[in-house]
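Report on the following structure.
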Amino acid sequence: MFTRRRIVAGALASAGAGAWHALLARTARAQEHVHDHGSAPDAPPSSAARPDPRAGAGGPPPITGTSSYTPVVTPDVGTLPWVMKDGVKEFRLVAEPVTREFAAGLRVKCWGYNGSTPGPTIEAVEGDRVRLLVTNRLPEPTSIHWHGILLPAGMDGVSGLNQPSIKPGETFAYEFTLKQSGTQMYHPHADEMLQMAVGMMGLFIIHPRTPVGPPVDRDFAIMLHEWAIHPGTYRPDPSVMTDFNVFTFNGKVYPGTSPLVVRTGQRVRIRFGNLSMDEHPIHLHGFQFWTTGTDAGPIRESAQVRETTVPVSVGATRDIEFVADESGDWILHCHRSHHTMNQMGHGIPNTLGVKHGPGEASVRKLLPGYMTMGQDGMGDMQDMAHHMKGPANTLPMMAGRGPFGNIEMGGMFTILKVRDEVAADYADPGWYAYPPGTVAYRVDG
Ligand SMILES: [Cu+2]
């Protein structure tokens, strides 16, 4: 069963080099493309599935390695295609302004790569020679640092120190051999504070040439980030240092995040990367997992830690693995509770336990429609959002409606959907059908 869902390294880049530009434009959809190969019932790692290495620039990209792997799925982002040129895997990144819809009702003017923030996930195999062509279509110079990757100093991407910055309109080539495996990242090292605050980052995943540990059936990647987007505005504020109000998984906030869909019994890996300003303790419901990897690669089995919450520090990555042996809808979220809210108004007075009395009617004479909120808790905020118009381009603090009512969440929050039967393309199966007698119920007294 495992091998049926694994593919030959490189088979993911199935389109020819002639389709290069189309592929770049379609990066956001590349995930499904990869996924189709990964889930094809008859995609064994056989030589027949490999593109012809002699095909040249006009043909399908060949591969160099023999390793097979389960392709990574980066929900709501996708994977960067590559072409093989003279034994080198060549990738193309374009640094550019990006308008990103974090969830319906919030469109943000960001910077990113290839039309996305985070940028598309780069996927390669230990031992690969890679060439990364980086074009700057931003209004200011940039560079790329390959975060956590072992490489010659001249390829490390710190502008001014390791290289001249990449000026607007210029393209730079980075080329090195991958000497490690694991979950790594990329981000600018020029005007770094601003460029990262507005979304410039991505994941760089290197599969081991010799498989480490049991093979996984599903391999997900999630980049964590946080933003200061003042209500009614469209641009992240890079000057904010601590008081962020939007928290994203792969550039999406709940309910805009796509669910992670797996079949009951599958072995699942989820990789997290964090280039935000805070640590995010990521908690999974329903399962205990093993933390199997850090930004320095796989953790040897005897040192792996069993947890239900993995702290992902700033500048770090973590990989977790578990067997999804219990079907259901299970949430995956940051456990800093403000990080699962959307655009909270910070600095508001605390009205919990406050009796509003006749004052509310007095205020309503001046402000028609005024209501004091939060005296009995903040759960009413989600319903209020439906009939109180907030500022333009601003999300209500909490959102999401499930089969039993309001979910009252936002931000870094998504749902792992474990089902006995899943579609070939792992489409969202809808809400879980609870077996009779398995749902908590009200009792009298
Ligand atoms: Cu968090």
Side-chain angles (χ1 to χ4, degrees), residues 74-77 100 102-103 106 108 110 112 117-118 147 183 185 187 193 196-203 220-231 236-260 270-287 289 291 293-295 305 307-320 322 330-347 378 381-382 394-400 407-416:
T74 311
D76 303 311
V77 175
R100 177 79 166 171
F102 284 19
L106 179 61
V108 186
C110 307
T117 170
H147 183 112
T183 304
M185 302 184 278
H187 64 83
M193 183 199 78
M196 288 173 63
V198 297
M200 299 194 69
M201 56 188 64
L203 288 158
F220 296 100
I222 297 177
M223 177 63 89
L224 314 171
H225 200 33
E226 54 191 22
W227 316 69
I229 305 165
H230 307 306
D237 181 350
S239 69
V240 168
M241 192 165 66
T242 55
D243 202 9
F244 299 97
N245 64 351
V246 177
F247 305 87
T248 50
F249 279 169
N250 288 338
K252 294 280 184 181
V253 294
Y254 186 74
T257 48
S258 294
L260 311 183
I270 310 176
R271 306 163 184 263
F272 302 100
N274 181 10
L275 290 170
S276 78
M277 294 274 281
D278 288 293
E279 181 215 51
H280 300 285
I282 304 298
H283 178 55
L284 175 64
H285 289 209
F287 305 96
F289 54 74
T291 300
T294 73
D295 27 291
V305 179
E307 304 178 285
T308 67
T309 302
V310 60
V312 188
S313 296
V314 182
T317 71
R318 288 292 181 274
D319 301 347
I320 66 167
F322 58 97
W330 305 105
I331 66 173
L332 174 74
H333 65 102
C334 178
H335 220 290
R336 289 185 191 244
S337 54
H338 278 223
H339 294 190
T340 52
M341 294 287 115
N342 289 329
Q343 285 178 296
M344 274 193 69
H346 297 169
M378 287 189 172
M381 294 292 186
Q382 179 166 343
T394 303
L395 290 176
M397 190 172 89
M398 48 181 78
I407 296 177
E408 298 173 352
M409 301 299 275
M412 290 177 161
F413 181 99
T414 190
I415 303 175
L416 172 73

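Every number for a ligand or one of its atoms is a count from 1 in the order of the listing.
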- Message: Rounded at 0.5 Å granularity, tell me how far OG in Ser276 sits from CE in Met201.
- Response: 7.5 Å
- Message: Using every non-hydrogen atom in the two residues, find where Pro75 and Leu260 come nearest and quote the distance to one decimal.
- Response: CG-CD2, 3.5 Å
- Trp330 vs Phe287 aromatic rings, parallel, tilted or perpendicular, using cut-offs 30° and 60°? perpendicular
- Met277: what forms a side chain to side chain contact (heavy atoms under 4.5 Å, CB included) with it, not counting sequence neighbours? Glu226, Met241, Phe244
- Message: For the CG atom of Asn274 and the CZ atom of Arg318, what is their distance to the nearest 0.5 Å?
- Response: 10.5 Å
- What are the protein N/O/S atoms, named by residue and atom, that sit under 2.8 Å from the Cu ion (ligand 1)? His280 ND1, Cys334 SG, His339 ND1
- Query: Are His335 and His280 an aromatic pair by the rule of ring centers under 6.0 Å?
  - Reply: no
